[in-house]
Amino acid sequence: IPFYSFPQSDFLNDGNLNQIADRFGNTNISIVVDTDGNGVVQPEGPADIVQNESNLTVRASVTAYVEEDLDLDAPSYTMWD
C-alpha cells in the first residue's frame, strides 16, 4: 500500500506514548500487509485469532486482527470476519 493514515481518534494517548487503539482502548493490534502484490494475505497469529486454520488466506491488500486484553475486558476479533 502506498500510504495509510489514521485519524487522531484512532490513537490512545497515555501521556508517554501515542499508540493505535481500538474502541475498547486495546492496543494489541496487528496489521497484516500483502507484500508481494498478489491480492491476498496469510495472517499468522494466536490460535484464537486464526481459528487454528493452517494456510488461512484472506483476499485483501491490508487487514488486521486484535488480541484480547483481559485487563481491559476487551475481546479478540479480526477484520476479515
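With hydrogens and angles ignored, the 3.5 Å screen pairs no side-chain donor or acceptor of Asp10 with any backbone N or O of Ile20.
The minimum heavy-atom distance between Asp34 and Ala60, with the atom names listed, is CB-O, 4.0 Å. Across all their heavy atoms, Leu72 and Gly25 have their closest contact at CD1-O, 3.4 Å. Considering every non-hydrogen atom in both Ala21 and Leu12, the closest pair reads CB-CB, 3.6 Å.
Annotation for Gln42: atom CD counts as buried by contact number, over 12 foreign heavy atoms lying within 6.0 Å. Other residues, nucleotides and ligands place no more than 12 heavy atoms under 6.0 Å from the CG atom of Asp73.
Counting only residues at least two apart or in different chains, side chain to side chain donor-acceptor pair (under 3.5 Å) contacts with residues 21-32 comprise Asp22-Tyr77, Asn26-Asn28.
With a 4.5 Å cut-off on side-chain heavy atoms, Val58 and Pro43 count as touching. Counting heavy atoms from C-beta outward, Trp80 and Leu56 have side chains that approach closer than 4.5 Å.
In this structure, the side chain to side chain contact (heavy atoms under 4.5 Å, CB included) partners of Ile31, at least two apart in sequence or on a different chain, are Phe6, Ile29, Val33, Val62, Ala64.
Linking ILVMFWY side-chain heavy atoms closer than 4.5 Å, directly or via other members, places Val40 and Tyr65 in two distinct hydrophobic clusters.
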